[in-house]
Amino acid sequence: MKFLDEFNDPEIAKQLFAQIAEMTTRPWAIMEVCGGQTYSIIRNGIDQLLPDEIELIHGPGCPVCVTPLGTIDKALEIAARPDVIFTSFGDMLRVPGSDEDLFGVKSGGGDVRIVYSPLDAVKIAEENPDKQVVFFAIGFETTAPANAMSLQVAKRRGMDNYSMLASHVLVPPAIDTIASSPNNRVDGFLAAGHVCSVMGTWQYGPLVEKHQVPIVVTGFEPLDVLEGLRRMISQLERGVAELDNAYARVVVEEGNLPAQELIADVFEVCDRQWRGIGEIPQSGWRISPAFREFDAEYRFGVGDIDAPESPLCRSGEVLQGLLKPNQCEAFGKECTPRTPLGATMVSSEGACGAYYQYRRLEVPVEVGRG
Amino acid sequence: MCLAVPGRITEIRDDRGTRMATIDFDGIRKDVCLDFVPEIEVGDYAIVHVGFAISRVDEESAMESLRLFRTMGTLEEELGVGPEAAS
Ligand code: SF4
């Protein structure tokens with residue numbers, strides 16, 4: 001088997017696949033929430049090596065993908081200002097706003113810089129006291145401690161030239177929304193291991209209760225994903241719904257408490273628009289009033305910018321598992337990673353981008369499996 | 001930027017009240033903030049996300065993850081030292 005050789009330990013992978021196949025008696029639809037998991041699944045062909053009954057639905061697991069168009073327009077507006085150095089994770093630069101992307105602003109003369117960490121942005125601010133340095137803070141719970149810390153450091157050091165455009169999204173409310181949808185097809189959720197390493201697993205018990213749906217906290221490496229799936233199928237076949245942790249080597253129930261405390265200081269929960277999905281109540285973090293002076297939306301007066309989403313793009317359905325990326329009319333035609341219509345095509349962790357990179361290039365997949 | 005990468009702590013120092021470390025990720029070295037893992041020491045392995053250690057991890061699974069990032073060819077990208085990261 002072509003794909004199996006690529007696992008860290010093909011022997012363990014083989015055993016896990018065999019156990020899953022043996023247990024599976026009925027069709028199940030399982031959503032992996034983390035973009036890293038989607039990437040692992042597609043790249044290693046896990047979905048193709050599983051029994052036909054098991055369908056994997058790629059969830060909204062890429063914070064880049066779900067960042068609303070209006071927020072990107074705000075970023076573009078701020079980044080184009082001559083007094084601003086705009087800093088961001090690299091993934092955000094190609095995400096299309098209404099008219100262009102951050103790369104466009106950069107080639108038009110804007111000072112847009114890719115940073116690895118928000119602390120790098122703080123450093124740039126210290127080195128450029130005559131400039132306003134803005135950091136584009138997107139991400140799930142995993143990234144929030146880092147972003148929160150950069151604001152705390154800026155406050156402690158009394159910096160008046162560092163601010164943040166924040167658009168954080170939270171996983172549990174997204175699971176809640178998907179599970180509550182009348183069209184929901186998901187029988188079980190693999191929760192994102194790295195999110196839980198920060199937030200712990202305690203937020204997921206109530207969701208298991210409410211929807212009677214199994215949730216298994218799962219890592220992103222191929223063998224972790226397989227172990228998560230094995231535990232998931234075991235629950236589904238036994239007809240139980242429990243919270244299980246298949247990533248205990250990293251995730252503990254209470255999570256990282258110092259990180260959670262800092263997050264609670266710097267951010268507050270808010271309703272948040274998800275690109276393609278729409279508004280999910282209480283599903284985001286924004287900068288709390290105590291740190292408002294560091295909020296770029298206030299500092300640059302861009303709070304009112306909003307933008308309607310593209311009508312062509314069906315990423316909303318893709319993100320909810322109602323449509324496979326290649327079932328979208330525009331997939332691979334008008335919409336490619338070079339000309340992304342929707343944010344799900346922008347990053348290789350987005351469902352459409354992952355499909356494009358690792359599926360389409362291997363179209364005669366069956367041949368490779370022998 | 002979604003994933004977190006494990007690395008080994010080679011040196012710890014104080015930077016104006018912030019506990020910082022040099023962490024070795026399979027040959028690539030980075031400055032990382034340790035404020036969220038106060039109990040961690042030199043020689044330990046930590047999972048690092050965008051410049052911050054977010055949890056401790058044992059050596060064996062750290063090695064496994066690093067091998068995987070190498071095979072996927074995404075270690076540089078996750079650590080922001082790829083061709084796009086020209087900051
Ligand atoms: S293929 Fe492109 S247009 Fe279609 S849903 Fe995905 S991102 Fe949107």
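Treat the numbers as computed from the prediction; the structure is a model and nothing was measured. Lettering follows sequence order; numbering is per chain, from 1.
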Between [X] and [Y], what is the shortest heavy-atom contact and its length?
{"X": "B:V50", "Y": "A:P118", "answer": "O-CD, 3.7 Å"}
{"X": "A:P258", "Y": "B:D35", "answer": "CB-O, 4.4 Å"}
{"X": "B:C33", "Y": "A:M149", "answer": "SG-CE, 4.4 Å"}

Counting only N and O atoms by type, is there a donor-acceptor contact under 3.5 Å from the side chain of A:N256 to the main-chain atoms of B:F36?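 Side chain of A:N256 to backbone of B:F36: a pair is present.
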
Using the side chain to side chain contact (heavy atoms under 4.5 Å, CB included) rule, pick out the option among A:N147, A:T143, A:T142, A:L119 that qualifies with B:F52.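 The passing option is A:L119.
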
Do A:R156 and B:T18 have a side chain donor and acceptor closer than 3.5 Å?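 The criterion, which ignores hydrogens and geometry beyond distance, is satisfied for B:T18 and A:R156.
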
For [X], look at atom [atom1] and say whether over 12 heavy atoms of other residues, nucleotides or ligands are found less than 6.0 Å away.
{"X": "B:E60", "atom1": "CD", "value": "no"}
{"X": "B:E11", "atom1": "CD", "value": "yes"}
{"X": "A:K123", "atom1": "NZ", "value": "no"}

Among A:P145, A:G219, A:G193, single out the residue with the greatest number of heavy-atom pairs under 4.5 Å to chain B.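 Ranked by heavy-atom pairs under 4.5 Å with chain B, first place is A:P145.
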
Side-chain donor-acceptor pairs of residues 19-28 of chain B under 3.5 Å, sequence neighbours excluded:
residue: B:R19; atom: NH1; partner: B:P38; partner atom: O; Å: 3.1
residue: B:R19; atom: NH2; partner: B:I40; partner atom: O; Å: 2.7
residue: B:T22; atom: OG1; partner: B:R13; partner atom: NH1; Å: 3.1
residue: B:D24; atom: OD1; partner: B:D26; partner atom: N; Å: 3.4
residue: B:D24; atom: OD1; partner: B:G27; partner atom: N; Å: 3.3
residue: B:D24; atom: OD2; partner: B:R29; partner atom: NE; Å: 3.4
residue: B:D26; atom: OD2; partner: B:R70; partner atom: NE; Å: 3.0

B:R56 versus chain A, heavy atoms under 4.5 Å apart: side chain, backbone, both or neither?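 When you check distances to chain A, only backbone atoms of B:R56 fall under 4.5 Å.
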
Please flag which part of B:I54 lies under 4.5 Å from any non-hydrogen atom of chain A: side chain, backbone, both or neither.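 When you check distances to chain A, atoms from both the backbone and side chain of B:I54 fall under 4.5 Å.
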
Separation between OG of A:S117 and NE2 of B:H49, rounded to the nearest 0.5 Å: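 Reported value, rounded in 0.5 Å steps: 9.5 Å.
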
Chain B heavy atoms under 4.5 Å from A:V198: which part of the residue, side chain, backbone, both or neither?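 For A:V198, side-chain heavy atoms alone lie under 4.5 Å from chain B.
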
A:L257 versus chain B, heavy atoms under 4.5 Å apart: side chain, backbone, both or neither?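 Neither the backbone nor the side chain of A:L257 comes within 4.5 Å of chain B.
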
Ionic contact status for B:E59 with A:R249, cut-off 4.0 Å: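 No, this pair does not count.
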
